[in-house]
Amino acid sequence: MARLILKIINMKKVWIIVFGLSYLGLSAQKKWSLRECVDYAVEHNLQVIQNQYSKQIQDSNLKIAKNQYLPSVSGSMSNNVSFGQTSFGTGSLRNDRFSNSANLGADILLYNNGRLEKAIRKTQFDVEASQYDVETIKNDISLQIAQQYLTTLLNKEIVKISESAVENAQKQYDRAKITTQVGTTAQTILAEAEAALAREKQNRKTAEINVGRSLFAMAQLLQLPDYKDFDVEYVDVPDQLEQPLKSVDEVLTTAFENQPQVKAAQSRINSAVAQTEVSKTAFWPTLTGSVGIGSFYNNLLTTNTTGVDAAGNLVMERNLFGQYKDNFGQNASVSLNVPIFNKGITKLQVEQSKINESVAKITLEQQKQTVRQNVQKAQFDVDANYETFLSAVETEKSTKLALEFADKSYTAGRTTIYDVNVARNNYANAQGSVAQAKYNYLFSLKLLNFYAGIPLTL
């Protein structure tokens, strides 16, 4: 009975180890979807993080601009000791003293032609532009990820094509080996079949290496610390390719409205215009209000009396808190600063701001031109790649039929094995061309839809 229990316990341990290793194997074989790759990239990419810090700096600048409405409050305290003689009538007397004063004041801007409000508006546009910069970087990275993802899928499909070619070459080699052994074909036929099989295996190995190379490039884009276990999900891309959902003009209209680089350029125009308004406020008077409280203390170091009262009694010098109470005072003031001449600096600053407006407008046109060119190129690529795909499909059909005829003719003894190898190579190349054209079309279509505001999906 004890042996049976011990055996059951050992079996449980074995199953725990087996399930544990299976779980580890499944974890190591995690395959990333396109959505996971994009989300990871925009969250961990260093360039995105750097731009997010720039956005935080602009947020701080906005808080600083809003806080300018608050009064500036400051306090001060000074201590002074002096020794020596001081003039008194025709003579002099000893004047050794210690003095102390404390003051608390507040200043606030009352009027400057709306400078604070205009500065806040200008900074808000800067915040918008920095946020759009972050979105632009995210979009660029997303497109790079999508292109590399499709490249990886293409390479995996080429591996399948190569595997099919290896299977066909293997069958041909096996058949040639049998016919050579029975003496119906020459030894050269077997040698050529063996060479063809070796070539197809080499092609398969090259295709597998290309998959690894594309996965490595994807891991580099994601900035993963370990690329060796990285892999992507297989996506079955149908041969029936969808057509663009919108025309070029519709895509351009949407892109001009939604692309973050265009929005960032427009925000910077608004910021430059607002900065011009801020600069113009220097022509206007500035009205500032201030209030303050303070007190002071004096101590004659050579005596502890300050004089005599009306009755002839000595008046003793009061202590620190007593004098602070007696000497406590308040003040309030309103000051007006009228600019008259500051060497023409304000005028020049306004002119510089207007130049910055022109530069910002040119930048907007450049961004629109770039978007227009990208959309037009994507549309051209969609049309060209679709035509290329159709041609490649027709070529694949004809080369497949040619391979079937060559194989049947070789079996019947009417053609040589060289003709079969040529036909098989032509068919494999045609299959690769179909896959290449299909994925090129798919990326150009996704890019066009992306500018049309459609998220990247597979």
Side-chain angles (χ1 to χ4, degrees), residues 150-215 217 234-241 381-445:
L150 290 174
T151 300
T152 304
L153 294 181
L154 169 62
N155 289 333
K156 287 192 172 187
E157 189 159 334
I158 292 177
V159 168
K160 290 186 176 182
I161 295 173
S162 299
E163 289 175 346
S164 177
V166 169
E167 291 178 1
N168 292 332
Q170 183 68 52
K171 291 178 181 178
Q172 189 179 57
Y173 170 76
D174 293 340
R175 184 172 56 189
K177 185 176 181 180
I178 294 174
T179 56
T180 301
Q181 289 175 347
V182 298
T184 58
T185 56
Q187 187 69 32
T188 56
I189 301 298
L190 178 60
E192 176 59 26
E194 186 177 5
L197 176 60
R199 286 194 298 269
E200 296 301 341
K201 287 183 178 180
Q202 181 183 5
N203 292 336
R204 181 180 62 183
K205 178 55 66 176
T206 300
E208 291 172 349
I209 291 174
N210 288 336
V211 170
R213 183 176 286 110
S214 60
L215 286 173
Y234 174 74
V235 179
D236 186 15
V237 180
D239 292 334
Q240 298 297 325
L241 301 178
D381 290 342
V382 165
D383 296 336
N385 291 332
Y386 186 72
E387 294 298 326
T388 302
F389 172 75
L390 295 180
S391 299
V393 169
E394 293 301 319
T395 302
E396 181 190 26
K397 291 179 181 178
S398 61
T399 54
K400 182 179 181 181
L401 184 61
L403 175 60
E404 292 174 354
F405 284 149
D407 191 59
K408 290 179 180 178
S409 298
Y410 173 71
T411 303
R414 292 191 296 269
T415 58
T416 66
I417 191 172
Y418 302 102
D419 298 323
V420 177
N421 290 338
V422 171
R424 185 175 62 249
N425 290 335
N426 290 338
Y427 179 56
N429 291 334
Q431 286 180 302
S433 296
V434 170
Q436 183 76 51
K438 179 171 66 174
Y439 282 96
N440 286 344
Y441 173 83
L442 183 60
F443 177 73
S444 57
L445 179 63

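Along the sequence shown, residues are numbered consecutively beginning with 1.
- At least one test fails for K201 against the ring of Y173: distance under 6.0 Å to the centre or angle within 45° of the axis.
- Side-chain contact between R213 and I209: present, with at least one pair of heavy atoms (C-beta onward) separated by less than 4.5 Å.
- Taking CG of L197 as the start and CG of N168 as the end, the distance is 11.0 Å to the nearest 0.5 Å.
- Around atom CD of E404, more than 12 heavy atoms belonging to other residues, nucleotides or ligands sit under 6.0 Å away.
- In this structure, the separation between CD on E194 and OG1 on T180 is 10.5 Å, given to the nearest 0.5 Å.
- A distance-only check finds no donor-acceptor pair linking the side chain of N203 to the backbone of S162 [under 3.5 Å].
- Residues A193 and I417 approach most closely at CB-CD1, 3.5 Å, considering heavy atoms.
- Counting heavy atoms from C-beta outward, L190 and Q187 have side chains that approach closer than 4.5 Å.
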I would like to know whether Y418 and V422 meet side-chain contact (heavy atoms from CB on, under 4.5 Å); could you show each step before the answer? CA-CA 6 Å; Y418 302 102; V422 171; 5.5 Å; no
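- Counting only distance, with no hydrogens or angles, the side chain of T179 and the backbone of A176 share a donor-acceptor pair below 3.5 Å.
- A side-chain donor-acceptor contact under 3.5 Å links S444 to the backbone of Y441.
- Using modelled atom types, one finds no donor on one side chain facing an acceptor on the other under 3.5 Å when comparing T152 with N155.
- For the atom pair CD (E200) and OG (S164), the distance works out to 9.5 Å, reported to the nearest 0.5 Å.
- No hydrogens or angles considered: nothing links the side chains of Y410 and Q172 as a donor-acceptor pair under 3.5 Å.
- Of all heavy-atom pairs between T151 and S214, the closest is CG2-CB, 4.5 Å.
- Formation of a donor-acceptor pair under 3.5 Å by the N429 side chain with backbone atoms of N425 is found in this model.
- Comment: K171 does not engage D407 in a salt bridge, judged by the lack of any side-chain N to carboxylate O separation of less than 4.0 angstrom.
- Summarising the local packing, CZ of F405 is surrounded by 12 or fewer heavy atoms from other residues, nucleotides or ligands at distances under 6.0 Å.
- For the atom pair L403 CG and K408 NZ, the distance stands at 11.0 Å (nearest 0.5 Å).
- Of the inter-residue distances, the one linking L390 atom CG with N385 atom CG reads 11.0 Å to the nearest 0.5 angstrom.
- Minimum heavy-atom separation, A406 to A423: CB-CB, 3.9 Å.
- Remark: K160 does not engage E163 in a salt bridge, criterion side-chain N to carboxylate O under 4.0 Å.
- Between L442 and L150, some side-chain heavy-atom pair lies under the 4.5 Å cut-off.
- Between E192 and R199 there is a salt bridge, since at least one side-chain N of the basic residue sits less than 4.0 Å from a carboxylate O of the acidic one.
- To the nearest 0.5 Å, atom OG1 of residue T388 and atom CG of residue N440 are 8.0 Å apart.
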